[in-house]
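Taking it in order: structure first as structure tokens, then the write-up.
Small disclaimer: the values here were computed from a predicted structure and weren't measured. The sequence lines fix the lettering, A, B, ..., with proteins before strands; numbering per chain opens at 1. We use all heavy atoms of the structure for the numbers below, so side chains are in, but hydrogens, waters and symmetry mates are not.
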Amino acid sequence: MKESWKKGSVTSLASVFPVEEAQKAAKRVEDAIADAQNELHRARTFVADNTTLLNLVHKLPEQLSHQIMVPFGKAAFFPGRLIHTNEFLVLLGEGYYAERTSKQTVEILQRRGKSLDSQVDSLEANIKDLQAQLSFFNATASQVAEGLVEITETEDYVEKESNEGESKSGMFSPPFLSDTAYNFKEYAYSSSPQQDAPNLRNATDDDGDYARILAKMDELEKQELAAESGNHSDQSDESTADFDEISYRGHIENNLQSSKDFQQSVLLDQTNDEDIATEFQKKHDHKDVTDQLNFANLAVQSRDREGENFAKFVESTDPSEKIPVLSKEKAVQATTASKTEVRHQTSQPSFDSRKAFTGSIIEHADNLQTNSRNESSASSQGSGSQSSKPVSRFKMQRR
Amino acid sequence: MSASNLKDLQRELENKANDLSKLQKEIAKNHQMRKKYTVQLGENELVLKELDLLQEDANVYKLIGPVLVKQDLAEANANVRKRIEYISAELKRLDATVQDLDEKQNSKKDTILKLQQRIQSLQAGKGKA
């Protein structure tokens, strides 16, 4: 059954580009930039020399002769006179010299200046290019260090735009395409957070659907609570034709206990985190997680599913492996959670038929206790009720 | 038996690694030569351009050692052209060599990788046994 709804794969970016490799590459590019800058500096001095020489050559024939100090040996000069001021012996290169007049020399020097300018231009372009590369490598290195994952979805579940097999990490996906692609876009591009925040606000303002969903949730919640004491996975499966998330609600209490099990996290840009985290926090505050099924619950569920998914997927569940960005984790979780809500609301009006969300987000859920048994039952419920559900949601998938 | 096998493999790996580093040195040398020739080619082309722009009666000199030797413009022109031809040929030759060396390097890398894998598997087998 699991196979039947397997939609893709999640690969840690670190397994594709190890941190050291990315840093090495960045180092190499840095060296290249330094070289190019030296070269550029050299070319600039040439240009300056050429210009002064050009001015001198311009000026020399203005008089028939110049009083000059003639260098004699290393340290000695004696006074002299420069004559034939309109005759120049120009080095053309490769040991070839030509006798030229001042005017002709100026022409040669101007041509030379032009070629030097083009050299400078190409060097500058080169440096720019290298700097872009460097920033890319640095970004990759930091992303790898933060534990970014690449999520690949198979084409049946992803719409044409993102498909051709997979929605890659870098790809921008239309907002409703899929949760994964959508979220991932933000992880990949630090510039996108601004886009997300307004989106979230819109979603939360969309009260009509929201109220409707809440009412439905409340209703289902009651059923759920009744079912919870007994065999909750079967019961909730039935009761959650519309919202399979509700079926996970029973596990939330468990899940809220803290655990250090899940190390991996999909990290967002920090500002984004804070932005969304606060919004989420607000909601979370005035709604009690345990007595009311609300968005926070939903969020928590998806969160814990993600966490669980991760637990299954990645075996690095050792607390000692903790990524150094722990402070971010909470915010990140909240972010993803609230995004899930957004998905819920926004996707409903825009899709008359159900929209299946695929892919999974790997979360660092260290404040959530996830019972793997609960999780697996939760996921199977999710798959079972998925087809009848009009609302988008996360699905877990592994491998 | 497997121990001596392992030793053999390790020796082979060492040899191959030495070969590879030699190859890499050669490639680096070639690249340097190539750079030098490219610079010379650019200079010669510049000279040719300037010579083409000169009038027929212009005086052209060639610096040979410490002295400037007067040269016919046509002669100088021909010389420079020949030089450019030579440098281009040389560049082409260097390109071919570099490509050849690159291929050799890649195959060496492959063999080294395979050797390492074999050694690893041998060691793993030994560890188990």
Side-chain angles (χ1 to χ4, degrees), chain A residues 18 21 24 28 31-32 34-43 45-47 49-50 53-54 57 61 71 73 84-123 125-126 130, chain B residues 24 27-29 31-91 102 105 109 113 116:
Chain A
E21 289 298 316
K24 233 192 271 168
R28 231 183 2 244
D31 289 349
D35 281 355
Q37 247 149 6
N38 281 342
E39 195 84 344
L40 182 66
H41 188 252
R42 221 163 51 96
T45 30
F46 284 163
V47 171
D49 280 359
N50 198 53
L53 184 60
L54 207 102
V57 171
H84 299 297
T85 53
N86 200 24
E87 287 168 32
F88 292 88
L89 198 60
V90 182
L91 173 64
L92 299 177
E94 281 290 297
Y96 286 96
Y97 291 80
E99 270 183 353
R100 312 303 292 152
T101 65
S102 161
K103 195 163 176 277
Q104 289 165 326
T105 308
V106 167
E107 279 167 15
I108 292 177
L109 289 178
Q110 276 168 346
R111 282 195 289 272
R112 237 171 244 183
K114 254 180 216 158
S115 79
L116 278 173
D117 282 346
S118 71
Q119 266 183 43
V120 168
D121 284 352
S122 77
L123 277 171
N126 207 355
L130 286 170
Chain B
Q24 276 167 340
I27 288 174
K29 213 174 87 192
H31 273 295
Q32 240 169 358
M33 292 273 280
R34 204 175 170 281
K35 214 171 166 186
K36 216 178 85 194
Y37 275 120
T38 319
V39 170
Q40 282 196 2
L41 186 68
E43 191 175 333
N44 272 283
E45 267 162 3
L46 219 74
V47 172
L48 188 66
K49 232 192 283 171
E50 292 298 339
L51 285 178
D52 280 342
L53 286 165
L54 291 178
Q55 283 103 350
E56 293 286 314
D57 57 344
N59 288 329
V60 178
Y61 303 88
K62 173 113 173 91
L63 186 68
I64 298 173
V67 284
L68 280 176
V69 181
K70 189 163 180 198
Q71 267 195 328
D72 200 42
L73 178 60
E75 199 188 323
N77 216 323
N79 280 347
V80 174
R81 273 178 214 282
K82 232 183 265 167
R83 178 101 183 115
I84 287 178
E85 257 169 49
Y86 168 73
I87 291 174
S88 306
E90 200 72 352
L91 272 178
D102 268 344
Q105 188 189 24
K109 270 184 187 160
L113 210 71
Q116 276 171 338

| Which atoms of B:V80 come close to chain A, meaning under 4.5 Å heavy atom to heavy atom: side chain ones, backbone ones, both, or neither? | both

| field | Point-to-point distance, once rounded to the nearest 0.5 Å, from CD of A:E99 to CG of B:L54 | value | 11.0 Å

| field | 4.5 Å side-chain heavy-atom contact, B:Q55 and A:Q104 | value | yes

| query | For the atom pair NZ (B:K49) and OG (A:S115), what is the distance rounded to the nearest 0.5 Å? | reply | 7.0 Å

| query | B:N44, B:L51, B:V69: which one forms the most heavy-atom pairs within less than 4.5 Å of chain A? | reply | B:N44

| request: Output the option from B:L46, B:I64, B:N79 having the highest count of non-hydrogen pairs under 4.5 Å with chain A. | output: B:N79

| Which atoms form the tightest heavy-atom contact between A:R100 and B:A58, and what is the distance? | NH1-CB, 3.7 Å

| field | Heavy-atom pairs under 4.5 Å with chain A, option from B:Q71, B:E50, B:R83 with the top count | value | B:E50

| said: Heavy-atom count check: over 12 atoms from other residues, nucleotides or ligands less than 6.0 Å from A:R28 CZ? | reply: no

| Note, B:L53 side chain near A:E107 side chain (heavy atom, < 4.5 Å) | no

| remark: Output for pair (B:L63 CG, A:E94 CD), nearest 0.5 Å, gives 11.5 Å

| field | Residue A:L89 versus chain B: region with a heavy atom under 4.5 Å | value | side chain

